[in-house]
Amino acid sequence: MIISGKDLSARLKAEMAAEVAGFPGKYGRVPHLVVILVGDDPASMSYVKGKAKASEVVGIRNTTIRKPADITEAELLGLIAGLNADDSVDGILVQLPLPAHISEPKVIEAIDKSKDVDGFHPLNVAALWQKQPCTLPCTPKGIIRMLKSAGVGISGKRAVVIGRSNIVGLPVAKLLLDENATVTIAHSRTADLPSVTKEAEILVVAIGRPRFVTADMVSDGAVVIDVGVNRDPETGRLCGDVDFEAVEPKASVISPVPGGVGPMTICCLMENTIECFLRRYTPDSI
Ligand code: NAP
């Protein structure tokens, strides 16, 4: 079974659009997401465009603010401070990566926690690890949604996550743990990685290396979620961290690249923006 993040996200966005359509009547306005893009990196530009397009589908107001790559850190922090104070703004997202002269941790920390739609703010991260109410990071949240929509039972399963980044590997592992999976986190220093991955009933791969996971690393019937977004060095096409053609016959469920986790990430960004908006009107509701 191939899980289409594209189809699932289209369904969820349609549901959100129906909900948002009622907001002007109830709250007098729709949620407002501000996306800041620094520089003109083609991949970042395409991600930002995707976010604007999804906002349009869902009926969320989207403002994209473009700044040149040589903007100073102080100017960017000043811009964020202004948006934090702006009552008409519900969500703020700064597209990463940023130019080397700007500190990403400082920028992430500068965004008001209540407007942190990415779920990257240290207070949101801490709340996640302490099982407190928080904004969940979009990619891990999207992965859990995909698993559930595919009818994959997570509780009691052996899950292996390859990758331990703050934005994917670690929070995915935490969300799987919260769903009562038994989780192993593998990384670049893991000895004999195939022996670890072959134990996985659910394998989540977030490395950033094209077609790294081969069929011999996956057990029969495993559920395989491929987070990687890479360019195939031979064809130049988008591909994941998993050798899809080789692994698909062994897996019971697998997500493709493109059309898997990527669309779900944007879908969950829309959901997070709506949650941040609603929390301002009904603080106890979420
Ligand atoms: P990252 O910060 O570079 O982390 C990569 C992780 O992979 C690290 O923990 C690293 O281990 C591990 N790793 C690298 N080589 C390995 C190896 N040979 N064996 C085992 N582990 C290895 O990357 P990221 O931000 O988590 O992103 C991972 C991938 O997901 C990228 O392709 C990125 O583009 C993609 N991504 C997709 C979405 C989406 O929405 N679809 C969202 C975010 C990211 P160490 O910790 O030991 O260095």
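Order of appearance sets the numbers: ligands from 1, and atoms from 1 within every ligand. Bear in mind the structure is a predicted one, so any value in this text is a computation, not a measurement.
Protein residues with any heavy atom under 4.0 Å from ligand 1: Thr139, Ile162, Gly163, Arg164, Ser165, Ile167, Val168, His187, Ser188, Leu193, Ala206, Ile207, Gly208, Arg209, Phe212, Val227, Gly228, Val229, Asn230, Val261, Gly262, Thr265.
Listed by chain and residue number, Arg280 satisfy the salt bridge (Lys or Arg N to Asp or Glu O under 4.0 Å) test with Asp87 (two or more places apart in sequence, or in another chain). Partners of Lys6 by salt bridge (Lys or Arg N to Asp or Glu O under 4.0 Å), not counting sequence neighbours: none found. Every residue two or more places apart in sequence or in another chain was checked for a salt bridge (Lys or Arg N to Asp or Glu O under 4.0 Å) with Arg11, and none qualifies.
For Thr64 and Asn62, the side-chain atoms include at least one donor-acceptor pair closer than 3.5 Å.
Screening Arg237, Arg209, Arg211 for a salt bridge (Lys or Arg N to Asp or Glu O under 4.0 Å) involving Asp232 leaves a single residue, Arg211.
The backbone N or O of Asp192 lies less than 3.5 Å from a partner atom in the side chain of Ser195, making a donor-acceptor pair.
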